[in-house]
> 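Questions regarding the structure given below will be posed in turn.
Each chain gets a letter, A, B and so on, in the order the sequences are listed, and its residues count up from 1.
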Protein chains: 2
Amino acid sequence: MGTVTKALSLLGLFTQIRPEIGLSDLTRLSGMNKATTHRLLRELQAQGFVEQVGPERAYRLGPEVLRLAALREATVPILSVSREVLDRLSAATGETAHISLVQGAKLNALSHAYSPRYATRVMMDDTEVLSFHATGSGLAVLAWAEPDFVNAVLAERLHAFTPDTETSAQAIRARLDDIRRDGMAESIGGYEADVHSHAAPVFGPDQRPIGALAVAAPVSRMTETLKQTIRAELAAGARDMTQRIGGLYPPSFPAARAA
Amino acid sequence: MGTVTKALSLLGLFTQIRPEIGLSDLTRLSGMNKATTHRLLRELQAQGFVEQVGPERAYRLGPEVLRLAALREATVPILSVSREVLDRLSAATGETAHISLVQGAKLNALSHAYSPRYATRVMMDDTEVLSFHATGSGLAVLAWAEPDFVNAVLAERLHAFTPDTETSAQAIRARLDDIRRDGMAESIGGYEADVHSHAAPVFGPDQRPIGALAVAAPVSRMTETLKQTIRAELAAGARDMTQRIGGLYPPSFPAARAA
DNA sequence: AACCAATGGTTCAAATAATGAACCAACGCA
DNA sequence: TGCGTTGGTTCATTATTTGAACCATTGGTT
């Protein structure tokens, strides 16, 4: 494994639940030698990617991460636009809204918004790598992804996260056909039991999906009325995001015709 | 130079003016061998820190930068709070508002907001490393920085950016005393001719400045009325930022008594 | 008070990864 | 057609990284 990859993988260990981690814990989590961990952290710290805080001198993500994100936001304002859209979506539906972005062969959660409407809600972990075949977001991306990409995903062993997870590549392809006709993906208990989620793709300038916007609700709260509300708000939110980041819908997308 | 440092320095080459850079240009800018540049970019790309876009396959900052920034924002919401405060500050004053953060021995511009009130405005470049001794922001930070830090800054050769730049360490120390009494730094043409700026420090939980919030206006527009408006709005904005990111004012800070 | 187990941190001989000169294919231009 | 640029690749040589062993400090336990 390359040295740069090792160093950057340390950054990936920070989570919302665990924003500050000590040297020994980072060593444990990473499986590296403590001297190696320390030396890599020194280089990351010198460049501003991590900083040490508190009397225990734990590490956390540093200001350079913010500066680079602000730079990228200046041209592709995904963070700020998604913040707004997520807040609006969770307020309008009363359920958890979240967004994920494609990163190479992975789908990474970026951000989420909770609604205070109910005492229970579908919880999100923003460090989570989402499954393509088992989540609404993943299916929404696959439906408009390059065929090679879809083939690569479906060639992998498809894990059954719950008894309801579809693991047949053929059956998944059929579902992707349905999603393409509808413009939206739906998943009931595919990744987590008792969670009913809807997702719509968000497109980039090249008409390819850069990620997906989704709403997740407990199955027990999913009435026909709520479903229609979610579908309408989600379609509007994903369209809004796509447009505001300079994305373009592929001609085959049904909701683009609806717009 | 460490390999990690080399790789991360490539990320630092991206700017708002130049968000997309090709392999050969990155090679030129970095002074590295093209094979080395390419290999480092491959590792950065695999981890999501850069991505390639367009038919020329130029590089730009990638989604992992956003994801990590979102993670950090979840605990220390500097980006989102500063966005709000900057927008409010530029709207209220009609001038350019900007924020910078301390990163080791540097003061890096993070973000800015322009006002559309006038046809002319003070322009900002968010990749800029600000001078401590020659800018309002720098002076605002120095006034409440650790003595060792101040000594280190003033021990360096102090560059005269304009004929009005103060370069005497002794005179600067006297100004820092004034700033500590007043709670705000003011710089007239210290860094750029014809620019009158005010800056207030933003504090972290350890009562140390993490950066500064500033308003920059052309000298010709600085009436006594505008000055009072800027001072009031800036004090309120910096206080708001400090409080919302969980910061604490040092007991010696005058405006903290005013709050 | 003594002991223990954990922490953050450091050293340097040995091991491993990174380097970069030279090369390739493709493209746009004169 | 030839030239100069681009993005990209190879592998013998060179430079950096590694990690076992070590240190000082701290907090908890007996």
> Here's a test of your reading of the structure: between Asn33(B) and Gly22(A), which maps to the more 5' nucleotide of DNA chain C?
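It is Gly22(A), whose closest nucleotide lies nearer the 5' terminus.
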> Who are the salt bridge (Lys or Arg N to Asp or Glu O under 4.0 Å) partners of Arg121(A), not counting sequence neighbours?
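Partners of Arg121(A) by the salt bridge (Lys or Arg N to Asp or Glu O under 4.0 Å) criterion come out as none, since no residue qualifies.
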> When the distance from CG of Leu41(B) to P of dA18(C) is rounded to whole Å, what number comes out?
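Taking CG of Leu41(B) and P of dA18(C), I get 14 Å after rounding.
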> Classify every nucleotide of nucleotides 23-30 of chain C by which part a protein heavy atom approaches to under 4.0 Å, writing B for the base, S for the sugar-phosphate alone and - for neither, in 5'-to-3' order.
--------
> When you check the gap from the basic side-chain N to the acidic O, do Glu51(B) and Arg72(A) get nearer than 4.0 Å?
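Yes.
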> Can you name the side chain to side chain contact (heavy atoms under 4.5 Å, CB included) partners of Ala134(A), sequence neighbours left out?
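Expected list: Ser131(A), Phe161(A), Thr165(A), Tyr191(A).
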> Testing the basics here: between Ala200(A) and Ala238(A), what is the closest heavy-atom pair and its distance to 0.1 Å?
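Smallest interatomic distance, heavy atoms only, reads CB-CB, 3.7 Å.
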> At how many degrees, to 10°, do the end axes of the helix from dA1(C)-dT30(D) to dA30(C)-dT1(D) meet when each uses five pairs?
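Nearest ten degrees gives 30° for this helix.
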> Taking the six-membered ring for Trp and the single ring otherwise, decide whether the centroids of Phe132(A) and Phe149(A) are under 6.0 Å apart.
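That pair passes the under 6.0 Å test.
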> Are any side-chain N or O atoms of Arg180(B) and backbone N or O atoms of Ala143(B), one a donor and one an acceptor, separated by less than 3.5 Å?
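Here the side-chain-to-backbone pair exists.
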> I'd like to check the salt bridge (Lys or Arg N to Asp or Glu O under 4.0 Å) partners of Arg57(A); sequence neighbours left out, ordered by chain and number.
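By the salt bridge (Lys or Arg N to Asp or Glu O under 4.0 Å) rule, Arg57(A) matches no residue at all.
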> Could you note down all residue pairs passing salt bridge (charged side-chain N to carboxylate O under 4.0 Å, His left out) where residues 136-160 of chain A supplies at least one of them, sequence neighbours left out?
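Checked against salt bridge (charged side-chain N to carboxylate O under 4.0 Å, His left out) - neighbours excluded - the pairs reaching residues 136-160 of chain A are Glu146(A)-Arg208(A).
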> Is Arg181(A) salt-bridged to Asp177(A), cutoff N-O under 4.0 Å?
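Salt bridge absent between Arg181(A) and Asp177(A).
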> Please give, in whole Å, the distance from dA18(C) P to Leu44(B) CG?
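The answer, rounded to whole Å, is 12 Å.
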> Can you pull the side-chain hydrogen bond (donor to acceptor under 3.5 Å, both in side chains) pairs that have at least one residue in residues 17-26 of chain A, sequence neighbours excluded?
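As it turns out, the side-chain hydrogen bond (donor to acceptor under 3.5 Å, both in side chains) pairs with a partner in residues 17-26 of chain A, which skip direct neighbours, are Arg18(A)-Asp25(A), Asp25(A)-Arg28(A).
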> Which of residues 51-60 of chain A sit near DNA chain C, with a heavy atom under 4.0 Å from it?
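Output list: Gln52(A), Glu56(A), Arg57(A), Tyr59(A).
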> Between the protein and nucleotides 13-17 of chain C, list the N/O to N/O atom pairs that are separated by less than 3.5 angstrom.
residue : atom : partner : partner atom : Å
dA17(C) : O3'  : Thr3(A) : OG1          : 3.4

> Ring centres under 6.0 Å, that's the criterion: do Phe253(A) and Phe203(A) meet it?
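Yes, close enough.
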> Under 4.0 Å from any heavy atom of chain A: name the first and the last nucleotide of DNA chain D that qualifies, 5' to 3'.
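Range of nucleotides within reach of chain A: dT17(D) to dA20(D).
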> Considering residues at least two apart in sequence or located in another chain, which fulfil the side chain to side chain contact (heavy atoms under 4.5 Å, CB included) criterion with Val150(B)?
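Partners of Val150(B) under the side chain to side chain contact (heavy atoms under 4.5 Å, CB included) test: Leu142(B), Ala145(B), Leu154(B), Arg173(B), Leu176(B).
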> Tell me every residue that passes side chain to side chain contact (heavy atoms under 4.5 Å, CB included) with Ser30(A), counting only those two or more places apart in sequence or in another chain.
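Ser30(A) satisfies side chain to side chain contact (heavy atoms under 4.5 Å, CB included) with Leu10(A), Leu13(A), Met32(A), Thr37(A) once adjacent residues are dropped.
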> If we only count heavy atoms from C-beta on, is the Leu40(B) to Lys6(B) side-chain gap below 4.5 Å?
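A side-chain contact exists here, since the closest heavy-atom pair is under 4.5 Å.
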> Start at the 5' end of DNA chain D and walk down; is the nucleotide closest to Ala35(B) or to Ile21(B) reached first?
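Its nucleotide being nearer the 5' end, the pick is Ile21(B).
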> When the nearest nucleotide of DNA chain C is assigned to Met32(B) and to Leu23(A) on a heavy-atom basis, which residue is associated with the more 5' position?
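Between the two, 5'-proximity favours Leu23(A).
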> Give the intermediate values and the outcome of side chain to side chain contact (heavy atoms under 4.5 Å, CB included) for residues Glu64(B) and Gln47(B).
CA-CA 7 Å; Glu64(B) 182 68 355; Gln47(B) 297 295 312; 5.7 Å; no
> Do Arg83(A) and Glu73(A) pass the salt bridge (charged side-chain N to carboxylate O under 4.0 Å, His left out) test, and can you show the C-alpha distance, the side-chain angles, and the key distance before you say yes or no?
CA-CA 12 Å; Arg83(A) 186 72 264 150; Glu73(A) 282 287 288; over 6 Å; no
> Please give, in whole Å, the distance from dA18(C) C1' to Lys6(B) NZ?
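Going from Lys6(B) (NZ) to dA18(C) (C1'), I get 8 Å.
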